[in-house]
Amino acid sequence: MNYYIIAGETSGDLHGANLIKALKKEDPEATFRIVGGDQMQAASGEQALIHTSEMAFMGFVEVIRNLGSIAKNLKKVKADIQEVMPDTLILIDFPGFNLKVAEFAKKLGIKVCYYISPKIWAWNTKRVYKIKRLVDHMFCILPFEVKFYKQYHYPVDYVGNPLLDAISAYEFQPNFREKNGLDNLPIIALLPGSRKMEIEHLLPEMIDLYHRFPGHQLVVAGAPNFDISLYQRYIGNYPISVVFDQTYDLLKNAEAAVVASGTATLEAALLRVPQVVVYKANPISVMIARRVIKVRFISLVNLINDYLSVIELIQKDCTTETIGDELGRLISNKEHRASVLENYDVLMEKMGTPGASEKTAKLIVKYLRGED
C-alpha cells in the first residue's frame with residue numbers, strides 16, 4: 001500500500017520516521033510519499049516534498065506573517081496528493097495545516113488517519129467536530145485524550161507514547177563528552193526549541209546563565225534544521241558548545257536542563273533530568289493565546305500528571321534571573337530535586353510501556369484491509 005505522511009515539525013519528523021519503520025515491517029510492500037524532515041527521509045528512503053524547516057511557524061503573529069508560504073505549501077501538497085492518490089493519508093499533529101489537507105483528501109475519497117492528536121483539548125475544542133467529519137481513525141498518545149474525545153462520542157485508539165519507543169531504541173554514546181570536546185564539569189543542557197522564533201526569544205536568556213553557574217558548563221541542543229551560525233549569533237564569545245542530533249545524549253549527561261515548552265519537556269522527564277520549562281513569544285501572540293487556551297499548564301509533564309510537577313516560566317517571568325533561581329534549586333536543593341524526580345515516577349506510571357509505533361502501524365494496516 002502507498003502511505004502519504006505529513007509532519008510539519010521536528011518532533012513529528014521523529015515520530016513519523018519510527019512509524020515508517022513499523023509500517024515497513026507490517027506491510028513489506030509499503031511505499032511512501034512524505035512531507036517531513038531528515039529522519040523521515042532516512043526511514044523512507046524518499047526525498048520530502050517539503051522539508052519541515054520550511055513549515056514550522058510558532059505563534060499567531062508569526063503564522064499571519066507567513067500566510068503566503070503556508071498557502072504555497074498547502075497548494076503544493078494538495079496537487080501532489082491528487083497526483084499520487086495514496087491508499088491513506090497519515091497526518092502527524094500540525095493541525096492548522098493538516099486539517100486543511102484532510103478536508104481535501106476526504107473529498108478525493110482517501111482514507112485519513114491522524115497519528116498524534118492535535119491539542120484541541122487545550123484550545124479551539126470545536127475542532128473536534130471537524131475531526132469527526134474528516135478523520136477516519138485517530139491514534140492518541142496521551143492518556144487523557146481518550147477521555148476528552150469520549151465526551152464527543154468519537155472513538156479513538158490509544159497507542160501509548162512514541163517517545164518511549166524513540167528513547168528505548170536510542171543507542172547512547174559512551175564517549176559523548178570526548179566526542180564533543182566537553183570537560184568533566186557538570187552539564188546544564190539548554191534546549192531552546194526547534195523553531196527559529198523560539199530560539200530567537202529564548203536563547204539570549206539561556207546564554208546569560210553562564211555567569212550564574214561558573215562551576216558548570218552550558219551545552220545547547222541544536223535543532224537539525226539549522227546550522228551553527230544561528231546559535232553563534234547569540235553565544236558570541238562565550239565558551240558554550242552546541243551539539244546537533246545528540247539531544248538524548250546531552251540530556252543523559254546533564255545535571256539539569258532549561259527546556260522550551262513542547263515535546264522536549266517530556267523527553268527530559270523520561271530521561272530523568274530535572275528541568276525548568278520556559279516559553280517566550282511575540283507579546284501579541286501570547287496575549288491571544290492566554291484568551292483562548294483552556295489548560296492550566298504548558299508543559300506536557302504537568303498536563304499528563306495534572307499537577308505542577310516542573311516549574312514553568314512564561315513570558316515576563318522567563319528571564320535569566322528567574323531561570324537561574326530555579327536551576328539553582330534543582331542543582332543544590334536536594335529535597336526539591338528529589339521531589340521533581342518523584343513527579344517523574346508518577347509520569348512514568350501513566351505513560352505505560354514502549355510500542356506506540358508498532359501498535360499504530362498494525363492498526364492502520366488492519367483498518368486499510370477492512371478488518372474493523
Side-chain angles (χ1 to χ4, degrees), residues 1-52 80-81 84-94 98 101-102 105 110-117 135-143 145-146 155-173 224 245 247-249 263 266-267 270-271 348 351-372:
M1 283 180 277
N2 180 255
Y3 303 87
Y4 201 111
I5 307 180
I6 302 177
E9 299 172 295
T10 302
S11 60
D13 179 45
L14 168 66
H15 303 322
N18 286 330
L19 180 60
I20 288 168
K21 293 172 189 174
L23 282 167
K24 282 184 172 181
K25 292 178 183 177
E26 198 66 26
D27 177 9
E29 303 300 317
T31 59
F32 298 93
R33 187 74 169 154
I34 64 166
V35 172
D38 295 346
Q39 296 186 75
M40 284 173 65
Q41 288 183 152
S44 65
E46 299 292 333
Q47 186 72 27
L49 177 72
I50 307 172
H51 195 277
T52 51
D80 195 54
I81 288 174
V84 173
M85 286 301 290
D87 293 293
T88 186
L89 171 69
I90 302 173
L91 306 170
I92 301 177
D93 201 356
F94 208 55
N98 275 341
V101 179
I110 297 169
K111 287 282 186 183
V112 178
C113 295
Y114 218 122
Y115 180 43
I116 305 179
S117 168
V135 177
D136 296 287
H137 299 286
M138 173 68 74
F139 305 100
C140 294
I141 66 167
L142 298 172
E145 291 175 330
V146 178
V156 300
D157 289 294
Y158 175 62
V159 294
N161 200 290
L163 284 181
L164 294 169
D165 299 0
I167 291 172
S168 64
Y170 189 80
E171 295 182 11
F172 289 94
Q173 303 175 60
D245 300 315
T247 301
Y248 287 177
D249 292 289
T263 305
L266 196 50
E267 291 173 312
L270 294 175
L271 289 166
M348 286 301 297
M351 290 284 287
T353 56
S357 305
E358 287 77 10
K359 289 173 193 170
T360 305
K362 285 180 184 296
L363 286 168
I364 290 173
V365 173
K366 172 187 167 184
Y367 292 143
L368 289 178
R369 289 173 177 162
E371 301 170 9
D372 290 292

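Numbers here simply count residues along the sequence, with the first being 1.
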| query | Should Leu23 and Phe32 count as side-chain neighbours, where that means a heavy-atom distance under 4.5 Å? | reply | yes
| field | Close side-chain approach of Val101 and Phe94, heavy atoms under 4.5 Å | value | no
| field | For Thr31, all residues meeting side chain to side chain donor-acceptor pair (under 3.5 Å), sequence neighbours excluded | value | Asn2
| message | Suppose the criterion is salt bridge (charged side-chain N to carboxylate O under 4.0 Å, His left out): which pairs have a residue in residues 17-37, not counting sequence neighbours? | response | Glu26-Lys362, Arg33-Asp80
| Partners meeting side chain to side chain contact (heavy atoms under 4.5 Å, CB included) with Ile167 (sequence neighbours left out) | Tyr248, Leu270, Leu271
| Candidate list Ile5, Asn98, Ile6, test side chain to side chain contact (heavy atoms under 4.5 Å, CB included), partner Val35, passing option | Ile6
| Residues which pass side chain to side chain donor-acceptor pair (under 3.5 Å) with Asp249, listed by chain and number, not counting sequence neighbours | Tyr170, Gln173
| field | Side chain proximity check, Tyr3 to Val365, heavy atoms < 4.5 angstrom | value | yes
| said: Are the side chains of Tyr367 and Thr88 in contact, using a 4.5 Å heavy-atom criterion? | reply: no
| Sequence neighbours excluded, which residues qualify as side chain to side chain contact (heavy atoms under 4.5 Å, CB included) partners of Lys359? | Val159
| message | Taking Thr10's backbone N and O only, do any of them form a donor-acceptor pair with Thr52's side chain (distance below 3.5 Å, no angle check)? | response | no
| field | side chain to side chain donor-acceptor pair (under 3.5 Å): pairs with one or both residues in residues 158-169, sequence neighbours excluded | value | Asp165-Ser357
| said: Asp136: which residues meet the salt bridge (charged side-chain N to carboxylate O under 4.0 Å, His left out) condition with it, sequence neighbours left out? | reply: Lys106
| Side-chain heavy-atom pair Tyr115, Pro162 within 4.5 angstrom cut-off | yes
| query | side chain to side chain contact (heavy atoms under 4.5 Å, CB included) with Asp245: which residues, sequence neighbours excluded? | reply | Pro224
| query | Atom CD1 of Ile92 and atom CG of Leu19: how far apart are they, to the nearest 0.5 Å? | reply | 6.0 Å
| request: With sequence neighbours left out, write down each residue that passes side chain to side chain contact (heavy atoms under 4.5 Å, CB included) with Gln39, or none if nothing qualifies. | output: Asp13, Leu14, Ala17
| note | In short, Gln47 meets Ile34 closest at the heavy-atom pair O-CG1, 4.2 Å
| query | So how far is it from Ser117 OG to Asp93 CG, rounded to the nearest 0.5 Å? | reply | 7.5 Å
| request: Mind checking ring-ring contact (aromatic ring centres under 6.0 Å, His included) for Tyr114 and listing every partner two or more places apart, or none if nothing turns up? | output: none
| query | In chain order, what residues pass the side chain to side chain donor-acceptor pair (under 3.5 Å) check against Glu145, with sequence neighbours excluded? | reply | Trp121
| query | Any idea which heavy atoms bring Leu266 and Met351 closest together, and the distance? | reply | CD2-CE, 3.9 Å
| task | To the nearest 0.5 angstrom, please state how far the CD1 atom of Ile141 sits from the CG atom of Leu163. | result | 6.5 Å
| field | Non-neighbouring partners of Ser44 that pass side chain to side chain donor-acceptor pair (under 3.5 Å), sequence neighbours left out | value | none
| query | Given side chains that start at C-beta, do those of Met40 and Ile20 come closer than 4.5 Å, heavy atoms only? | reply | yes
| remark: Closest heavy-atom pair, Gly160 versus Ala356, reported as atoms and distance to 0.1 Å, is O-CB, 3.4 Å
